[in-house]
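One structure is given below, encoded as structure tokens.
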Amino acid sequence: MSKDLRFLVVDDFSTMRRIIKNLLHDLGYANVTEADDGNTALPILQQGNVDFLITDWNMPGMPGLELLKAVRADAKLKAMPVLMLTAEAKREQIVEAAQAGVNGYVIKPFTAVTLKEKLDKILDAKK
Amino acid sequence: MAKKKQKAPIKLSLKERFGARLLSLSTALEAEDEDAFMAELNSMVRERDDALWTQLRKLTSDLNGALERFQLDSRLVDLAEKEVPDAKQRLDHVMKMTDEAAHKTMDLVEQSGPLAGRIAKEAAEISVFWQQFMSRSIDPQAFKQLLGRIDEFLHSAQKDTETVRANLAEVLMTQGYQDLSGQIIRGVIKLVTEVELTLSELVKMATLDRSEDQRSTDQYHATRGHGPVVPGVDHGVVVGDQVDVDALLSNLGM
């Protein structure tokens, strides 16, 4: 998959955004935009310059699950690969995210290897 | 609508209450029986006193309750108006401290990474020429170049490793936030414990039906998220790690 892929990383903590951004850079993905919750992420997504969404769940404003649902409900965005990267560990939540159409679910704390594995899996499936 | 009539306590008539007593008083009076007269009179006064004492006891107990409630209320007002906002500010400060420390650590790591990378790259490049020199297959021109590079490398490696060392020391110092934030958080835990006790006292005074509230709280968290799993706190059915998540998703066909 092309390394020109454009990522949007959504997390309310700037440190976590920075960690994810650095890991993506290490994997060769240099095009990374950031947003701090669903409300700021949606307009960026709607501009159409994002190929891959990585989002946290628990955020002030619009939480990640709502963002995921909004993406799936938007005709232009509904095919967007979405990876949820979150500390939410309740079984029913993971099931709910899966039902809402998430493509991958990584639980925090996570490793660089896990992130790469899940990204590759989603990108391979999209090929 | 008219209020439902409460069953009134049976009220005895004056005659029923005092008739017999007055009769025995008047009999004793007629007979000039002072002992009997005084005994009857004392008995009547005692009865009045008992009623008075009962009323007084009730009043005292009411007053006690009101005072207790007032103390609880004013503590709660104090907690709500001052200490909880203070705690919010203190936790905000903790967030700021951890944020700053994390960013500073990442700055230092990001600064050090390229330095270590540069040293490794230089050493690897010099090593190629060095091997040629060791096997005596290097020409004099390249040898001269090698000496120049080694000289340069020794200087830059010394400078770079010194910077990396200083950065690592700084990373170590940056972790000092844990002590300060720990102290603040401990203070907030103490406050939360007090709020919990005060509120549970209040709940005891006014037994509330909480089932409806509990449902709406659950609904709120289901959408917004619960935050990380904390050991010792009941989170319901949670997954242990990424392996569990993968297994669950694979069961769901993902």
Side-chain angles (χ1 to χ4, degrees), chain A residues 11-23 25-26 37-38 55-69 82-111 113-115 117-118 121-122 125, chain B residues 88 91-92 94-114 116-117 171 174-175 177-178 181 217-254:
Chain A
D11 198 302
D12 51 331
F13 282 91
S14 60
T15 44
M16 185 43 73
R17 292 200 300 272
R18 192 167 162 185
I19 289 171
I20 300 167
K21 200 171 165 174
N22 281 357
L23 289 174
H25 278 205
D26 288 348
D37 82 329
T55 181
D56 184 20
W57 182 318
N58 191 350
M59 294 179 286
M62 188 196 285
L65 184 72
E66 267 181 50
L67 176 63
L68 169 65
K69 287 177 178 170
V82 180
L83 175 70
M84 210 153 224
L85 187 51
T86 171
E88 298 301 319
K90 276 179 91 96
R91 202 177 181 282
E92 62 199 59
Q93 286 180 295
I94 300 169
V95 173
E96 199 179 354
Q99 283 165 350
V102 82
N103 300 90
Y105 199 103
V106 172
I107 202 150
K108 291 177 188 170
F110 64 102
T111 64
V113 176
T114 307
L115 180 66
E117 225 177 75
K118 302 307 163 198
K121 195 177 164 198
I122 295 171
Chain B
K88 282 200 308 203
L91 288 180
D92 269 343
V94 167
M95 292 248 293
K96 203 165 146 260
M97 268 202 291
T98 54
D99 182 80
E100 279 169 3
H103 277 296
K104 191 165 177 196
T105 303
M106 284 194 273
D107 284 343
L108 292 162
V109 169
E110 278 176 14
Q111 233 179 66
S112 306
V171 164
T174 308
Q175 307 315 306
Y177 82 89
Q178 212 279 333
S181 60
T217 311
D218 287 348
Q219 186 52 44
Y220 176 81
H221 284 301
T223 332
R224 301 213 64 89
H226 303 259
V229 171
V230 180
V233 176
D234 182 17
H235 294 275
V237 187
V238 293
V239 294
D241 55 16
Q242 190 63 41
V243 177
D244 288 351
V245 177
D246 293 348
L248 176 59
L249 290 178
S250 136
N251 280 342
L252 294 167
M254 275 177 69

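Numbers restart at 1 for each chain; the letters A, B, ... are given by sequence-line order, proteins then strands.
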message: Using every non-hydrogen atom in the two residues, find where A:N58 and B:G227 come nearest and quote the distance to one decimal.
response: ND2-N, 3.2 Å

- line: Of A:K121, A:K118, A:E66, A:M62, the largest count of non-hydrogen pairs under 4.5 angstrom with chain B goes to A:K118

- request: For residues B:Q242 and A:Y105, report the shortest heavy-atom separation together with the two atoms involved.
  value: NE2-O, 2.9 Å

task: Examine whether an atom of A:K108 lies under 4.5 Å from a heavy atom of chain B, and if so say whether it belongs to the side chain, the backbone or both; otherwise answer neither.
output: neither

- prompt: Can you tell which of A:T86, A:I107, A:D56, A:I19 has the highest number of heavy-atom pairs within less than 4.5 Å of chain B?
  reply: A:I107

query: Is chain B contacted by the side chain of A:T15, its backbone, both, or neither, given a heavy-atom distance below 4.5 Å?
result: both

query: Is there any residue in residues 246-254 of chain B with a non-hydrogen atom under 4.5 Å from a non-hydrogen atom of chain A, and which ones are they?
result: B:D246, B:L248, B:L249, B:L252, B:M254

message: The criterion is side chain to side chain donor-acceptor pair (under 3.5 Å); which residues satisfy it with A:E117, sequence neighbours excluded?
response: none

message: Report which part of A:F110 has an atom under 4.5 Å of a heavy atom belonging to chain B: side chain, backbone, both, or neither.
response: neither

- prompt: Yes or no on side-chain contact (heavy atoms from CB on, under 4.5 Å) for B:E110 and A:N22, after CA distance, side-chain angles and deciding distance?
  reply: CA-CA 9 Å; B:E110 278 176 14; A:N22 281 357; 2.6 Å; yes

- request: Against chain B, work out which of A:G61, A:G64, A:A125 has the most heavy-atom pairs shorter than 4.5 Å and name it.
  value: A:G61

task: Give a yes or no on whether A:R18 atom CZ has more than 12 heavy-atom contacts from other residues, nucleotides or ligands under 6.0 Å away.
output: yes

- request: Please name the pair of heavy atoms, one in B:P228 and one in A:A87, separated by the smallest distance, quoted to 0.1 Å.
  value: CA-CB, 3.7 Å

field: Interface residues of residues 97-105 of chain B facing chain A - heavy atom cut-off under 4.5 Å
entry: B:D99, B:A102, B:H103

Side-chain donor-acceptor contacts of residues 92-104 of chain A below 3.5 Å, not counting sequence neighbours, with atom names and distances?
{"unit_1": "A:Q93", "atom_1": "OE1", "unit_2": "A:K90", "atom_2": "N", "d": "3.3"}
{"unit_1": "A:Q93", "atom_1": "NE2", "unit_2": "A:E88", "atom_2": "OE1", "d": "2.9"}
{"unit_1": "A:N103", "atom_1": "OD1", "unit_2": "A:R72", "atom_2": "NH2", "d": "2.7"}
{"unit_1": "A:N103", "atom_1": "OD1", "unit_2": "A:V82", "atom_2": "N", "d": "2.7"}

message: If I measure from the heavy atoms of chain B, does A:P109 come under 4.5 Å with its side chain, its backbone, both, or neither?
response: neither

